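Single-structure report; data block below.
Please read all numbers here as calculations on a predicted model, not as lab measurements. In what follows, chains carry the letters A, B, and so on, assigned in the order in which the sequence lines appear, proteins first and then strands, with residues in each chain numbered from 1.
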Amino acid sequence: MPELPEVETIKRDLEKAINNKNIVEVCVFKPKIIKEPDIAKFKRILTGARFLKVARRGKLLILKIQARNKQVLFLTIHLRMSGQLVFGAKSPSSRLCFKLSDKKYLSYNDQRLLGEVRLVHDWRKLKLICAMGPEPLDKTFTREKFQKRIAERTGKVKAVLLDQKFIAGLGNIYAAEVLFHSRINPMRQINTLDNSEIGGLFRNIKKILNNAIICRGTSFSDYRDGKGNRGDFFKKLSVYGRAGQACRRCKNEIERIKLGGRGTYFCGRCQR
DNA sequence: CAATCAACCTGGGTGC
DNA sequence: TGCACCCAGGTTGATT
């Protein structure tokens, strides 16, 4: 479900909502999503702990916490396909729920149970984080670095964009949108891109992710922000989910194919 | 190796 | 109504 703009939106919402609040009670409804061997210990450590900060790396949410014994820990949450982290009321689809000191609830909802919650001393040591590519919106992620990374890769351009080791945070929606705006066919081998195509791809990654954050993400079906609301970027989608509809640029029919097991949308006339 | 596929899950939609 | 598919913002590991 959530890609970088959605996770960033949740991060910003939660930062305002839960910072400096204490956890009064921890309810675990589906232990499966908690990737810790001892659920009782997980609950024990978190009960009475305080939220200090919310951060994001790629699609991973990182909640900095201080336990009762003053030890600093990190609750990491990967929402995968259908996870939601919502502040406010209790939810019937809740899998894990924190009752906070202001009597409100922070609820982790996840219809498909594919999400992962961990409690760690150092989030930087997580395998997922160690393997993760650069943050696309970071100032240190330059066109030169992007070009260099492309030069050492092979395979279809869309598959590379989806690879979190190549770049962190792009998913199926934004990879499709970035390729449309860059006028590159998703099936192109990445080593056939010329300099101007690489430049366009680089600029569009930053531009589209930034625009999507401004719109508070894309709610296609079940994405919700930290307050339980939908995101507005779906109104701006050019290709994702638009199979059979007219290309906004050339009026050709948008195609849908399967690439790397994922639904892939593109305009066969605009994207070469 | 690159590409494909199944697995992890639940639930909504569609067509017979 | 029922049933048998197909689909879904992700990731990983096995196989060809």
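Two residues, A/R95 and A/T154, neighbour DNA chain B, and the one matched to the more 5' nucleotide by heavy-atom proximity is A/T154.
Atom CG of A/D110 and atom C1' of B/dC9 are 9 Å apart (whole Å). What separates CG of A/L128 from C1' of C/dT12 is a distance of 11 Å, to the nearest Å. A/R80 has its CZ atom 16 Å from the P atom of B/dA7, to the nearest Å. Rounded to whole angstrom, the span from the NZ atom of A/K258 across to the P atom of B/dA6 amounts to 10 Å. Regarding A/I33, its CD1 atom lies at a distance of 17 Å from the P atom of C/dT11, rounded to whole Å. In this structure, A/E3 places its CD atom 13 Å from C1' of C/dT11, rounding to the nearest Å. Here B/dA2 presents its P atom at 10 Å from CG of A/N191, a figure rounded to the nearest Å. Taking atom CD on A/Q111 and atom P on B/dT10, their separation rounds to 9 Å, with Å as the unit.
Within 4.0 Å of A/E116, counting heavy atoms only, lies no atom of the nucleic acid at all. When heavy atoms are screened at a 4.0 angstrom cut-off, A/S219 is found touching base atoms of the nucleic acid. At the heavy-atom level, A/Y174 lies nowhere under 4.0 Å from the strands shown. As judged by a 4.0 angstrom heavy-atom cut-off over every strand, A/G171 is placed among residues touching the sugar-phosphate backbone only.
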- Decide yes or no on ring pair (Phe, Tyr, Trp, His ring centres under 6.0 Å) for A/Y174 and A/F180, but give the supporting numbers first. CA-CA 10 Å; A/Y174 297 109; A/F180 172 79; over 10 Å; no

- I would like to know whether A/K158 and A/N172 meet side chain to side chain donor-acceptor pair (under 3.5 Å); could you show each step before the answer? CA-CA 9 Å; A/K158 186 186 178 226; A/N172 210 25; 2.6 Å; yes

- Audit row: A/K156, A/R188, side chain to side chain contact (heavy atoms under 4.5 Å, CB included) steps and yes/no: CA-CA 5 Å; A/K156 296 190 173 78; A/R188 280 274 292 283; over 6 Å; no

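In the set B/dA3, B/dC8, C/dT12, B/dA3 carries the atom at the smallest distance from any side-chain atom of A/Q189. Side-chain proximity of A/L113 to the nucleotides B/dT10, C/dC7, B/dC8 is greatest for B/dT10.
Contact annotation: A/H78 side-chain N/O to C/dG10 OP1/OP2 distance is not under 4.0 Å. When the side-chain nitrogen and oxygen atoms of A/K156 are compared with OP1 and OP2 of B/dA2, none of them lie within a distance under 4.0 Å. Within the 4.0 Å cut-off from OP1 or OP2 of C/dG10, at least one side-chain nitrogen or oxygen of A/R262 is found. For the pair A/K127 and C/dT11, the criterion of a side-chain N or O lying under 4.0 Å from OP1 or OP2 is not met.
Going from the P atom of B/dT10 to that of C/dT1 covers 24 Å, rounded to whole Å. Comparing the C1' positions of B/dC8 and C/dC3 gives an interatomic distance of 24 Å, to the nearest angstrom. C/dG10 and B/dC1: their C1' atoms are spaced 23 Å apart (whole Å). Using atom C1' as the reference point in both B/dC5 and C/dC6, the two lie 16 Å apart (nearest Å). For the P atom pair drawn from C/dT11 and B/dG11, the interatomic distance equals 22 Å after rounding to whole Å.
The shortest distance between side-chain heavy atoms of A/K227 and A/V86 does not fall below 4.5 Å.
Between the side chains of A/Q271 and A/N185, no donor N or O sits under 3.5 Å from an acceptor N or O.
Within a 6.0 Å sphere centred on NZ of A/K35, other residues, nucleotides and ligands contribute more than 12 heavy atoms.
Of the nucleotides present, C/dC7 is the one that pairs with B/dG11 by Watson-Crick or G-U wobble criteria, both distances under 3.5 Å.
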